[in-house]
K.L.:
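The following block contains the structure, expressed as structure tokens.
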Amino acid sequence: MKLFTVGPVACYPEVLEEMKHQMFSHRSEEYKKLHRETVELLQKFLETENEVFLFPSSGTGVMEASVRNCVHRKMLCCVNGSFGERFVQVAIANGKEVEVLRTPLGEPTMPDILDEMLSKHPDVEAVAITHNETSVGLINPLEKLAEVVKSHGKLLFVDAVSSMGGVEIKVDKWGIDVCFSSSQKCFGVPPGLAVGSVSKEALKKSETVKNKGWYFDFKLYEKYQKNAGTPTTPPIPQIFGLNKILKLIEEWGGKHKYFELYRERNRRIRMGVERLGLTLFPKKGYESPTVSCINAPEGVSGIEIYERMRKKGFELAKGYGEVKEKTFRIGNMGYIEFKDIDLMLEALKGVLEEISK
Ligand SMILES: Cc1ncc(COP(=O)(O)O)c(C=O)c1O
């Protein structure tokens, strides 16, 4: 099966090979070296001097951690789809008050609207933004939104689960306080590891917030980080995998080359589906460079296209949330060769012909 999923995605063979490494204790010198090196590679990748912690969870763990560590009472969530809604749910489940800035599905959060919202609600302590809303294949203008958040002096949490690794994120320049992702997306590593950069301001806030729990306490992570470790047992194979892909990206010419590769895969997919007469769901100009969300043809369920593609050996992704039936998605994260994009588009052409008969 060829994977064009939205996570877990296919991994480079070199990454899988590296993960076979024999185990060692997470308090050993061997682990410390791996940990230190991986954190430094991530800091360089994200252009940050902030702490970057390695969490034994998926990305949602760090979403919850940002809320628990850095919000006393109230936050604002920008919502463009299902993962933005998740941020709201996580905040409510942790007893926080939430203001919600929701856009019509398929549309991004715009800086002027966010500015208005923050002027109306000066009591919010932090703003959550989903950089790339995977459910509808939409990317937000993060740099501009970050500028607005910082002009109001709020903490900024960025869900970069399906963008980190595939799209530029400048953590320090843009002033992101918590920026998190999962291993199983653009880094193309199996699931089980989350990473998150945490600013000094976020760590300071964590000192005073009550009931933040233990497992995801940023201050505890900071303490263990000083000795190149984590409070609990980390997913060592995934850290080996992440270390490998970060080094491979450097070998291949650096992160901008890797982003260019993502853009090129995405361009080929988009042009291919448009040649087949299909259109993309999100508003023009805000289509995600890591996942294409495609409108199913009139009268056809996106799920049927997904199922038929599976029978031809290609795993795409079903639509998600409100547009589950109306759309299907094609991811371009992880290990994907150009020739497989051509084969996938050929198969999609066949499926559309079968359905229209
Ligand atoms: C934008 C976004 N946020 C959060 C998540 C949840 O990530 P995880 O499953 O790693 O917790 C996903 C997963 O697809 C996602 O795409």
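The first residue in the sequence is number 1, and the count goes up from there.
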K.L.:
Could you check whether any side-chain N or O of Ser181 sits under 3.5 Å from a backbone N or O of Val161, counting only pairs where one atom can act as donor and the other as acceptor?
P.N.:
yes

K.L.:
Verify the cluster assignment for Val149 and Val178: are they in a single hydrophobic cluster under the rule of side-chain heavy atoms below 4.5 Å apart?
P.N.:
no

K.L.:
Tell me, with the steps shown, if Thr290 and Asn132 meet side-chain hydrogen bond (donor to acceptor under 3.5 Å, both in side chains).
P.N.:
CA-CA 8 Å; Thr290 63; Asn132 191 70; 3.1 Å; yes

K.L.:
Between Glu307 and Lys311, is there a salt bridge with N-O shorter than 4.0 Å?
P.N.:
no

K.L.:
Would the distance check show the side chain of Tyr262 and the main-chain N or O of Gly334 forming a donor-acceptor pair, the cut-off being under 3.5 Å?
P.N.:
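Pair found, side chain donor or acceptor close to backbone of Gly334.
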
K.L.:
Take a 6.0 Å sphere around NZ of Lys326 and say whether it holds more than 12 heavy atoms from other residues, nucleotides or ligands.
P.N.:
no

K.L.:
Got a second to check how far His121's NE2 is from Leu101's CG, nearest 0.5 Å?
P.N.:
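Reported to 0.5 Å precision, the distance equals 9.0 Å.
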
K.L.:
Looking only at heavy atoms, which two atoms of His21 and Phe240 are closest? And how far apart?
P.N.:
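For His21 versus Phe240, the nearest heavy atoms are CG-CZ, 3.4 Å.
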
K.L.:
Count the heavy atoms of every other residue, nucleotide or ligand shown that sit under 6.0 Å from CG of Asp123, and state whether that count exceeds 12.
P.N.:
yes

K.L.:
Looking only at atom types and distance, does a side-chain atom of Glu315 sit under 3.5 Å from a main-chain N or O of Thr5, one as donor and one as acceptor?
P.N.:
no

K.L.:
Side chain to side chain contact (heavy atoms under 4.5 Å, CB included), that's the test. Do Gln225 and His35 meet it? Break it down for me.
P.N.:
CA-CA 9 Å; Gln225 183 95 322; His35 184 106; 2.9 Å; yes

K.L.:
Taking Glu99 for its side chain and Val124 for its backbone only, find out whether a donor-acceptor pair lies under 3.5 Å.
P.N.:
no

K.L.:
Apply the side-chain contact (heavy atoms from CB on, under 4.5 Å) test between Cys179 and each candidate in Ser66, Ser197, Ser199; give the one that qualifies.
P.N.:
Ser197

K.L.:
Please confirm whether the ring centroid of Phe45 lies under 6.0 Å from the ring centroid of Phe259.
P.N.:
yes

K.L.:
Hey, mind stepping through Thr48 and Gln43 against side-chain hydrogen bond (donor to acceptor under 3.5 Å, both in side chains) and telling me if it holds?
P.N.:
CA-CA 5 Å; Thr48 186; Gln43 284 173 317; over 6 Å; no

K.L.:
Report the relative orientation of the aromatic rings in Tyr335 and Tyr12; use parallel for angles under 30°, tilted for 30 to 60°, perpendicular for over 60°.
P.N.:
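Taking Tyr12 first and then Tyr335, their aromatic rings sit tilted (interplane angle of 30° to 60°).
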
K.L.:
If you apply the rule side chain to side chain contact (heavy atoms under 4.5 Å, CB included), what do you find for Asn332 with Phe4, and how did you get there?
P.N.:
CA-CA 6 Å; Asn332 56 267; Phe4 289 85; 5.8 Å; no

K.L.:
Using a strict cut-off of less than 4.0 Å between a Lys/Arg side-chain nitrogen and an Asp/Glu carboxylate oxygen, indicate whether Glu250 and Lys247 qualify as a salt bridge.
P.N.:
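Lys247 and Glu250: not salt-bridged.
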
K.L.:
Of all heavy-atom pairs between Cys78 and Ile129, which one has the smallest distance, and what is that distance?
P.N.:
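Minimum heavy-atom contact is SG-CG1, 4.1 Å.
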
K.L.:
Are Leu118 and Phe87 in one and the same hydrophobic cluster, where Ile, Leu, Val, Met, Phe, Trp and Tyr link if side-chain heavy atoms are under 4.5 Å apart?
P.N.:
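No.
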
K.L.:
More than 12 foreign heavy atoms under 6.0 Å from NZ of Lys32: is that the case here?
P.N.:
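Yes.
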
K.L.:
Judged by modelled atom types alone, do Asn243 and Glu37 share a side-chain donor-acceptor pair under 3.5 Å?
P.N.:
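Looking only at side-chain atoms, Glu37 and Asn243 do form a donor-acceptor pair, the distance falling under 3.5 Å.
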
K.L.:
Is there a salt bridge (charged side-chain N to carboxylate O under 4.0 Å, His left out) between Glu354 and Arg308? Walk through the geometry before answering.
P.N.:
CA-CA 9 Å; Glu354 282 164 30; Arg308 285 182 184 254; 2.9 Å; yes

K.L.:
Check whether any side-chain N or O of Asn69 sits under 3.5 Å from a backbone N or O of Phe216 as a donor-acceptor pair, and report yes or no.
P.N.:
yes

K.L.:
More than 12 heavy atoms of other residues, nucleotides or ligands under 6.0 Å from NZ of Lys96: yes or no?
P.N.:
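Yes, the 6.0 Å shell around NZ holds more than 12 heavy atoms from other groups.
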
K.L.:
Are Tyr306 and Phe328 an aromatic pair by the rule of ring centers under 6.0 Å?
P.N.:
no

K.L.:
For Glu322, look at atom CD and say whether over 12 heavy atoms of other residues, nucleotides or ligands are found less than 6.0 Å away.
P.N.:
no

K.L.:
Are Ile330 and Val351 connected in a single hydrophobic cluster, I mean Ile/Leu/Val/Met/Phe/Trp/Tyr linked by side-chain heavy atoms less than 4.5 Å apart?
P.N.:
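Hydrophobic grouping puts Val351 with Ile330.
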
K.L.:
Would you please indicate yes or no on a ring centroid separation below 6.0 angstrom for Tyr258 and Phe187?
P.N.:
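So the answer is no for these two rings.
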
K.L.:
Using a 3.5 Å distance criterion without hydrogens, assess whether the side chain of Ser288 forms a donor-acceptor pair with backbone atoms of Ser292.
P.N.:
no

K.L.:
Any chance you could measure Leu155, atom CG, to Met75, atom CE, to the nearest 0.5 Å?
P.N.:
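Reported to 0.5 Å precision, the distance equals 9.5 Å.
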
K.L.:
Looking at every non-hydrogen atom in both residues, tell me the closest pair between Ser206 and Asp217 and how far apart they are.
P.N.:
OG-OD1, 3.8 Å

K.L.:
Testing Lys74, Lys154, Arg73, Lys205 one by one against Glu125 for a salt bridge (charged side-chain N to carboxylate O under 4.0 Å, His left out), which residue passes?
P.N.:
Lys205

K.L.:
Within 45° of the six-membered ring axis of Phe338 and under 6.0 Å from that ring's centre, is NZ or CZ of Arg268 located there?
P.N.:
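Flagged: Arg268 positioned over aromatic ring of Phe338.
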
K.L.:
Donor-acceptor pair, Ser182 side chain versus Gln184 backbone, under 3.5 Å?
P.N.:
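Absent.
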
K.L.:
Which heavy atom of Glu14 sits nearest a heavy atom of Lys244, and at what distance?
P.N.:
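Taking every non-hydrogen atom into account, O-CG, 3.8 Å.
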
K.L.:
I'd like to know whether the aromatic ring centres of Tyr320 and Phe83 sit less than 6.0 Å apart in this structure.
P.N.:
yes

K.L.:
Check the pair Arg329 / Thr134 against side chain to side chain contact (heavy atoms under 4.5 Å, CB included), numbers first and verdict last.
P.N.:
CA-CA 9 Å; Arg329 295 173 298 160; Thr134 323; 4.0 Å; yes

K.L.:
Decide whether Val127 and Val198 are clustered together by the hydrophobic rule: side chain heavy atoms of Ile, Leu, Val, Met, Phe, Trp, Tyr closer than 4.5 Å, transitively.
P.N.:
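Unlinked, Val127 and Val198 end up in two clusters.
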
K.L.:
Is any side-chain N of the basic residue among Glu325 and Lys318 closer than 4.0 Å to the acidic one's carboxylate O?
P.N.:
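The answer is no: the pair does not qualify as a salt bridge.
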
K.L.:
For residues Tyr215 and Val209: do they belong to one hydrophobic cluster (side chain heavy atoms under 4.5 Å, members Ile, Leu, Val, Met, Phe, Trp, Tyr)?
P.N.:
no

K.L.:
Which atom pairs, one a donor and one an acceptor, fall under 3.5 Å between side chains of residues 52-64 and the rest of the protein, sequence neighbours left out?
P.N.:
| from | atom 1 | to | atom 2 | distance (Å) |
| --- | --- | --- | --- | --- |
| Thr60 | OG1 | Arg86 | NH1 | 2.8 |
| Glu64 | OE1 | Asn94 | ND2 | 3.1 |

K.L.:
What side-chain hydrogen bond (donor to acceptor under 3.5 Å, both in side chains) pairs are there with at least one residue in residues 274-287, not counting sequence neighbours?
P.N.:
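Every pair satisfying side-chain hydrogen bond (donor to acceptor under 3.5 Å, both in side chains) with a residue in residues 274-287: Thr279-Asn295.
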
K.L.:
If you take all heavy atoms of Asn80 and Leu105, which pair is closest and at what distance?
P.N.:
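Reported closest heavy-atom pair: O-CD1, 3.6 Å.
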
K.L.:
For Glu30, does the CD atom have more than 12 heavy-atom neighbours from other residues, nucleotides or ligands under 6.0 Å away?
P.N.:
yes

K.L.:
Search all heavy atoms of Met19 against all heavy atoms of Pro190 and return the closest pair with its distance.
P.N.:
SD-CD, 3.3 Å

K.L.:
Go through Glu85 and Arg102 one step at a time and tell me if the side chain to side chain contact (heavy atoms under 4.5 Å, CB included) criterion holds.
P.N.:
CA-CA 9 Å; Glu85 297 290 356; Arg102 211 174 257 111; 2.8 Å; yes

K.L.:
Got a sec: does the NZ of Lys219 have more than 12 other heavy atoms crowding it under 6.0 Å?
P.N.:
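Yes - once you tally the heavy atoms of other residues, nucleotides and ligands closer than 6.0 Å, there are more than 12.
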
K.L.:
Can any side-chain N or O of Ser28 pair as donor or acceptor with the backbone N or O of Phe24 at less than 3.5 Å?
P.N.:
no

K.L.:
Would a distance-only check, ignoring hydrogens and angles, find a side-chain to backbone donor-acceptor pair under 3.5 Å from Ser135 to Ser82?
P.N.:
yes

K.L.:
Identify which one of Asp115, Asp172, Asp177 satisfies the salt bridge (charged side-chain N to carboxylate O under 4.0 Å, His left out) criterion when paired with Lys150.
P.N.:
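Among Asp115, Asp172, Asp177, the one meeting salt bridge (charged side-chain N to carboxylate O under 4.0 Å, His left out) with Lys150 is Asp177.
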
K.L.:
Do the side chains of Arg265 and Glu337 get close enough for a salt bridge, i.e. N-O under 4.0 angstrom?
P.N.:
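Looking at Glu337 together with Arg265, the answer is no, because their closest N to O distance does not fall below 4.0 Å.
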
K.L.:
If you measure from CG on Leu114 to NZ on Lys144, what distance do you get to the nearest 0.5 Å?
P.N.:
13.5 Å

